[in-house]
There are 4 protein chains.
Amino acid sequence: MQPENRSGDQVRRSFIEEARRAQIVRAAIETIAEIGYAKASFAQIARRAGISPGLISYHFAKREELIMEVMFSVYGSMDRALSDRTEDAASCTEALRALIENFVRYCADHAVEMLAVARIAASGANDAAKARDWVDRGREEALTELEEMFREGQRAGEFREFSPRVMAVSVLAALEATPVELIARPDTDIDAYADELATMFELAVRRPGD
Amino acid sequence: MQPENRSGDQVRRSFIEEARRAQIVRAAIETIAEIGYAKASFAQIARRAGISPGLISYHFAKREELIMEVMFSVYGSMDRALSDRTEDAASCTEALRALIENFVRYCADHAVEMLAVARIAASGANDAAKARDWVDRGREEALTELEEMFREGQRAGEFREFSPRVMAVSVLAALEATPVELIARPDTDIDAYADELATMFELAVRRPGD
Amino acid sequence: MQPENRSGDQVRRSFIEEARRAQIVRAAIETIAEIGYAKASFAQIARRAGISPGLISYHFAKREELIMEVMFSVYGSMDRALSDRTEDAASCTEALRALIENFVRYCADHAVEMLAVARIAASGANDAAKARDWVDRGREEALTELEEMFREGQRAGEFREFSPRVMAVSVLAALEATPVELIARPDTDIDAYADELATMFELAVRRPGD
Amino acid sequence: MQPENRSGDQVRRSFIEEARRAQIVRAAIETIAEIGYAKASFAQIARRAGISPGLISYHFAKREELIMEVMFSVYGSMDRALSDRTEDAASCTEALRALIENFVRYCADHAVEMLAVARIAASGANDAAKARDWVDRGREEALTELEEMFREGQRAGEFREFSPRVMAVSVLAALEATPVELIARPDTDIDAYADELATMFELAVRRPGD
DNA sequence: TATGAATGAGAATTCATTCAT
DNA sequence: TATGAATGAATTCTCATTCAT
């Protein structure tokens, strides 16, 4: 669901270095989710990680690199979680439901990460420009895949006639709105939420009368 | 669709001052929409307006005040545009369609403004905190109104049983996704887009079999 | 009690111009006394005078000029008030008492002006440098005159032996502390205050046993 | 002689950091004493300390914090120096003399510091407001203590009848005038100055005929 | 004369990044 | 590797002063 991975960053890194990088990325995610991108200075992130600000620069050449690592980390994990499970769908309707339910459940377990990347993408900061472009490309790919799925469902006579693009945009918007809602209302029944969403779009795409 | 207006800022302002303020607000909106909130410094905004950076401070006591004026300006105009037209709906279904179509058409005419306020709200910046709170309150009100509309439709037997909250969140998300889509694809047929969106949610809410 | 007057500012000024200048000087004095030198911007002074900030610059070439006019105005009036009355003293003791009592009474009537010039002199601001120098020269002259008075009293056998300089510094300090005290405690009985001060220094200077 | 010390700023600081802070405080004191509060910008202070302006902000969150540190530093040292020595006075007369002499001697050794805090207190600047309040409270306390001492001397029949308040104000004024005088006349004989001042006020307070 | 909008020169402050240790 | 002190660039904000009206 995301674009090509990190170009050619085939840098050999020791185990300990990888661990530090992961720790810093984790601290960055939490800090951004909690206080927002603009206030997530190296000082804040370092404080949360229990290290010194200089160490972040030691491990990441530029702030941009750290932010991109956040992206790779979050979307990598998300892609792994979602891709396994959407394959074996018997119909487009089932595939759509599976996609929505899996995504919502993933959000429930990773709301902080989702919030962090959303904040990065939304921030107009210079350091986040590359990340934003990357997210935008990823979003466009996701939209294309969704459109393709809708077109297939229409070809198969499973879905009614509608604009695959508008439907894709709306499904994606509804999905992306989930983390904020789950954080705002932590008591939300996840399965019910997922089912509501899936049902809503099932009704929106199915042939009338089916 | 937005919270109470500016408390008691009944400052008398000359015509020329009002014009300048409007010009600066306009330049701020365009700058934020184009290069993002974080990069929209006074220097950038002033450059676009063809004035000196100091003049912005001359007209707006704090950056926060400028940002709030952007909010008031955009949402004020939006409220005026949307409120007139949603009243006279014969049914909840019609009301929902009217709301969606009006909103989409408004977005088509004011995509830049909508993008700017979205970016302000998403920015974690300190100067935007008040604006973000204000938008959040407005969004919560909008959700409540939508939920109420759905509940009424359900009471009236017009809508099927579903979670008003999830539906409201999804409708709002789809609406809020519109400006980005319209800017990304300027050739989009607005009326078609609005109709697609309205139909989609009509099908999602109506009683099965109707 | 003050140094040579304004060097060569023999500018002819119309009556109306003099009136404006006086009005601005008055507003400056009140503003500085009330909110302090640092916050007494042209905007503040103009607001109090009911005019526009630009008009101050129209009448005073530099801020420094306005500040100097404040000085001339306050010390001019003070000199006039004090000089008339200290002449006809029969003894140094009487002269000292007359000086102290006259000064205290003058302070009581002009506390605001005295506070303003004190604040100007104490402010390290660039614009106040000339005024500060001028006050310093005036203070030095005043000290010299006091010292001379003490020496004369000592020569005449009226005063005990003491350091005229230390006594002069202390008398001046006590006098200069008066405005602040009178403003802090507006209910102070002026005549009693003046008498206390005069008596205190009479006892401090008189020959023991007298 | 000063109000309660810094509330609860028990921040752990490394040795090197403490040293830098002290160096900056020192540079601030000297700069303020030399060129005045208003001109003592971070740039000036940093130039004197041989560091970059940003480093001051690195060590002190706000300008106000630096200014308060100047206050704590100066008055802390002063309180330590004065409190030890005024306790064991056999009479009020002796206590008064001890107070005056100790203060003058302290001023002789710390004229620059005394000048700096006086300038801070006199500056109307916003950043100095807290310091000014603090000094004002301290001054009021000092006056109260002096008044109390005078009242006690009067009750004991040691002092004549006079207004303790006026005497306290005048003594404090004379003391506060000392640093300026000592800086203006560096050759002043300190012990003689102290003795003159003490004698002056002894004569002013003692019962006539004693 | 008078206005008040406009400028431009500082000011403090924030922060990624560097570097000596 | 790690620290955290230090730098320097960028930003907002303040104001005397200027200038078109």
Side-chain angles (χ1 to χ4, degrees), chain A residues 14 16-17 19-20 38-47 50-66 125-127, chain B residues 13-14 16-17 19-21 38-46 50-66 125-127, chain C residues 14 16-17 20 38-46 50-66 125-127, chain D residues 13-14 16-17 19-21 38-46 50-66 125-127:
Chain A
S14 70
I16 194 167
E17 178 161 9
R20 262 284 186 250
K39 275 179 285 194
S41 65
F42 274 18
Q44 288 291 332
I45 296 170
R47 174 205 303 273
I51 60 174
S52 77
L55 191 56
I56 301 181
S57 286
Y58 178 79
H59 284 288
F60 299 90
K62 296 272 155 200
R63 184 175 225 269
E64 193 185 71
E65 191 190 322
L66 168 59
N126 256 324
D127 306 313
Chain B
R13 275 190 260 269
S14 70
I16 191 164
E17 176 163 12
R20 261 287 185 248
R21 285 174 63 98
K39 274 181 291 190
S41 67
F42 276 15
Q44 289 293 330
I45 296 170
I51 59 176
S52 77
L55 189 56
I56 301 181
S57 288
Y58 177 79
H59 285 288
F60 298 90
K62 298 270 159 209
R63 182 175 229 270
E64 194 187 72
E65 191 190 321
L66 169 58
N126 258 327
D127 304 314
Chain C
S14 72
I16 193 166
E17 178 161 10
R20 263 284 187 250
K39 275 179 286 193
S41 65
F42 274 19
Q44 288 291 331
I45 296 170
I51 60 175
S52 77
L55 191 55
I56 302 181
S57 286
Y58 179 80
H59 285 289
F60 299 89
K62 296 271 155 203
R63 184 176 225 270
E64 193 186 71
E65 191 190 322
L66 168 58
N126 255 324
D127 307 311
Chain D
R13 275 191 259 268
S14 69
I16 192 165
E17 176 163 13
R20 259 291 184 247
R21 285 174 63 98
K39 272 182 292 192
S41 65
F42 276 14
Q44 289 293 329
I45 297 170
I51 58 176
S52 77
L55 189 56
I56 301 181
S57 287
Y58 177 79
H59 284 288
F60 299 90
K62 298 270 158 208
R63 183 174 229 272
E64 195 186 71
E65 191 190 320
L66 169 59
N126 258 328
D127 304 315

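Here is how names work: the chains are called A, B, and so on, in the same order as the sequence lines, proteins then strands, and each is numbered from 1. Side chains included, hydrogens not; waters and symmetry mates left out as well; all remaining heavy atoms used.
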TODO: Go through the structure and list residues passing side chain to side chain contact (heavy atoms under 4.5 Å, CB included) with B/S41, not counting sequence neighbours.
DONE: B/A43, B/Q44
Task: Nearest listed nucleotide, side chain of D/S14, among F/dG8, E/dT7, F/dA5 - done: F/dA5
Open item on the list: Between P on E/dA5 and CD1 on B/I16, what's the gap in Å once rounded to a whole number?
Closed with: 7 Å
Open item on the list: I'd like to compare against my own output: the B/S/- annotation of nucleotides 13-21 of chain E with a strict under-4.0 Å heavy-atom distance to protein.
Closed with: BB-SBB---
Open item on the list: So, using side chain to side chain contact (heavy atoms under 4.5 Å, CB included) as the criterion, who are the partners of B/A46 when residues are at least two apart?
Closed with: B/I51, B/P53, B/I56
- [ ] Provide, to the nearest angstrom, the distance between the CD1 atom belonging to B/I51 and the P atom belonging to E/dA6.
- [x] 8 Å
Open item on the list: If I pick the C1' atom on F/dT21 and the same atom on E/dT1, what distance separates them, to the nearest angstrom?
Closed with: 13 Å
- [ ] Give the rounded distance in Å between these two atoms: NE2 of B/H59 and P of F/dT14.
- [x] 15 Å
Task: For atom CD1 of B/I45 and atom P of F/dC13, their distance in whole Å - done: 11 Å
Task: All side chain to side chain contact (heavy atoms under 4.5 Å, CB included) counterparts of C/K39, not counting sequence neighbours - done: C/I35, D/N126
Task: Nearest heavy-atom neighbours spanning C/L55 and C/R20 - done: CD2-NE, 3.3 Å
Task: Nucleotide-level pairing of DNA chain F, given in dot-bracket where Watson-Crick and G-U pairs need both distances under 3.5 Å and | marks other strands - done: .||||||||||||||||||||
- [ ] Grab the CD1-P distance between D/I56 and F/dT7 for me, whole Å please.
- [x] 10 Å
Task: Atom-to-atom span, CG of B/L66 to P of F/dT11 - whole angstrom - done: 15 Å
Open item on the list: Counting only side-chain nitrogens and oxygens, does C/S52 get under 4.0 Å of the OP1 or OP2 atom of E/dG4?
Closed with: no
Task: Considering all heavy atoms, the nearest B/R63-B/D127 contact - done: CD-OD2, 3.1 Å
Task: Euclidean distance, atom CD of residue D/Q44 to atom C1' of E/dA11 [Å, nearest integer] - done: 12 Å
Task: Separation of F/dA2 C1' from A/R20 CZ (nearest whole Å) - done: 8 Å
TODO: Could you list the residues that satisfy side chain to side chain contact (heavy atoms under 4.5 Å, CB included) with D/E65, not counting sequence neighbours?
DONE: D/R21, D/F60, D/A61
Task: Spacing of D/H59 atom NE2 and D/L66 atom CG [to the nearest 0.5 Å] - done: 11.5 Å
